Amino acid sequence: MEDRKPLILCIETATNVCSVALMRGDVSINSLECKENNAHSKMLATLVQKVFENTYFSMQELSAVAISRGPGSYTGLRIGASMGKGIAFGLNVPLIAVDTLLILAKAMQEKYPNCAYIPMIDARRMEVYSCLYDEKLNPLKEVSADIVESDLYERFEAQKIILAGDGAEKCKEVLTHSRYILDKDIYLQAKYMKDFVFEKYKNNVFENTAYFEPYYLKNFIAIKSKVKGLYN
């Protein structure tokens, strides 16, 4: 590992928010995001280019590239993985992957310390991709695609459980116990990858760039496009 602090580009594309962050060691020095729906393929390269602007660094100085592993949007994850792998391969730097729900849980922890956290990503209909973490972000259940019911997390003891993510709001009518706190302002952002990415970099925990595939959790189901002109 280099003596200087590594410069790492973080890419997060698992939901409708497309975001990137540039970090030096474990410090985020610039971050950008786009909340336009279905704009990942159009905006990601632009965000990557712009995140280097107003800094003293260039892409050629990168020590590694980090991406969100999943689960999440099939299309979003593929776009993020393709961009991350392409940059890593082109610059001959390592690729790092971070579990998507852990990234969201970190955002929750920073706002609500000493709680339990259930990050939720929309998995269509009444399903969500979810996990339960304790106050130190240790997982208390496996990542899964769940149909949310009122007693789903009943066996886990916690006085206060924070819910966040684009799948959490549709569960508010089901998870009505007073210990559940829904925060609609917390969402996935690449800047929350920094601690996990830096730790993996220090310990040489890298992915095989050529063979890495996102963690989709569920099989992709194609939906017929509603865009006029694509079908008769």
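Bear in mind the structure is a predicted one, so any value in this text is a computation, not a measurement.
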Would a 4.5 Å heavy-atom cut-off, applied to side chains only, mark [X] and [Y] as touching?
| X | Y | result |
| --- | --- | --- |
| K191 | E12 | no |
| F198 | P6 | yes |
| I121 | L188 | yes |
| C34 | L47 | yes |
| Y180 | K172 | no |

Identify the two heavy atoms, one from [X] and one from [Y], that lie closest to each other, and give their separation to 0.1 Å.
| X | Y | result |
| --- | --- | --- |
| E169 | L182 | CA-CD2, 4.0 Å |
| I11 | G80 | CG2-CA, 4.1 Å |
| G84 | I67 | CA-CG2, 3.9 Å |
| A123 | K170 | N-NZ, 4.2 Å |
| T100 | G70 | OG1-N, 2.7 Å |
| A190 | A21 | CB-N, 3.7 Å |

Which value, rounded to the nearest 0.5 Å, describes the distance between [X] atom [atom1] and [Y] atom [atom2]?
| X | Y | atom1 | atom2 | result |
| --- | --- | --- | --- | --- |
| C171 | E149 | SG | CD | 11.0 Å |
| I162 | Y133 | CD1 | OH | 15.5 Å |
| L140 | I118 | CG | CD1 | 9.5 Å |
| S28 | K194 | OG | NZ | 7.5 Å |
| L137 | M108 | CG | CE | 9.5 Å |
| I186 | K111 | CD1 | NZ | 5.0 Å |

Hey, quick one: are [X] and [Y] part of the same hydrophobic cluster, counting side-chain heavy atoms closer than 4.5 Å, chains of contacts allowed?
| X | Y | answer |
| --- | --- | --- |
| L32 | M43 | no |
| L132 | V148 | yes |
| I8 | V205 | no |
| V17 | L22 | no |
| I96 | F89 | no |

Has [X] got more than 12 heavy atoms of other residues, nucleotides or ligands less than 6.0 Å from its [atom1]?
| X | atom1 | value |
| --- | --- | --- |
| F156 | CZ | yes |
| I147 | CD1 | no |
| E142 | CD | no |

For [Y], is there any backbone N or O sitting under 3.5 Å from a side-chain donor or acceptor partner on [X]?
| X | Y | answer |
| --- | --- | --- |
| Y117 | Y112 | yes |
| D166 | D122 | yes |
| D99 | L102 | no |
| N203 | E199 | yes |
| S130 | M120 | no |
| S63 | L7 | yes |
| K106 | M193 | no |
| Q109 | E135 | yes |

Practice problem: Would you check, one step at a time, whether the test side-chain contact (heavy atoms from CB on, under 4.5 Å) holds for K35 with Y187? | Solution: CA-CA 11 Å; K35 295 183 178 180; Y187 59 95; 3.4 Å; yes
Quiz item: Can you name the residues that form a salt bridge (charged side-chain N to carboxylate O under 4.0 Å, His left out) with K141, not counting sequence neighbours?
Solution: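 Only D146 meet the salt bridge (charged side-chain N to carboxylate O under 4.0 Å, His left out) criterion with K141.
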Practice problem: Verify side-chain contact (heavy atoms from CB on, under 4.5 Å) between L95 and F206, making sure each step is shown before the conclusion. | Solution: CA-CA 6 Å; L95 180 72; F206 304 133; over 6 Å; no
Self-check item: Candidates V20, N30, L62 - the one meeting side-chain contact (heavy atoms from CB on, under 4.5 Å) with F52
Solution: L62
Quiz item: How would you list all residue pairs meeting side chain to side chain donor-acceptor pair (under 3.5 Å) that involve residues 76-92, not counting sequence neighbours?
Solution: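 Output for this query lists R78-E213, R78-Y216.
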Quiz prompt | Listed once per pair and sorted, the side chain to side chain donor-acceptor pair (under 3.5 Å) pairs that draw on residues 38-56, sequence neighbours left out | solution =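 Every side chain to side chain donor-acceptor pair (under 3.5 Å) pair that includes a residue of residues 38-56, provided the two are not neighbours, is E36-K42.
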Exercise. Output, in order, the C-alpha distance, side-chain angles, deciding distance and verdict of side-chain contact (heavy atoms from CB on, under 4.5 Å) for C10 and V197.
Key: CA-CA 8 Å; C10 299; V197 168; 4.1 Å; yes
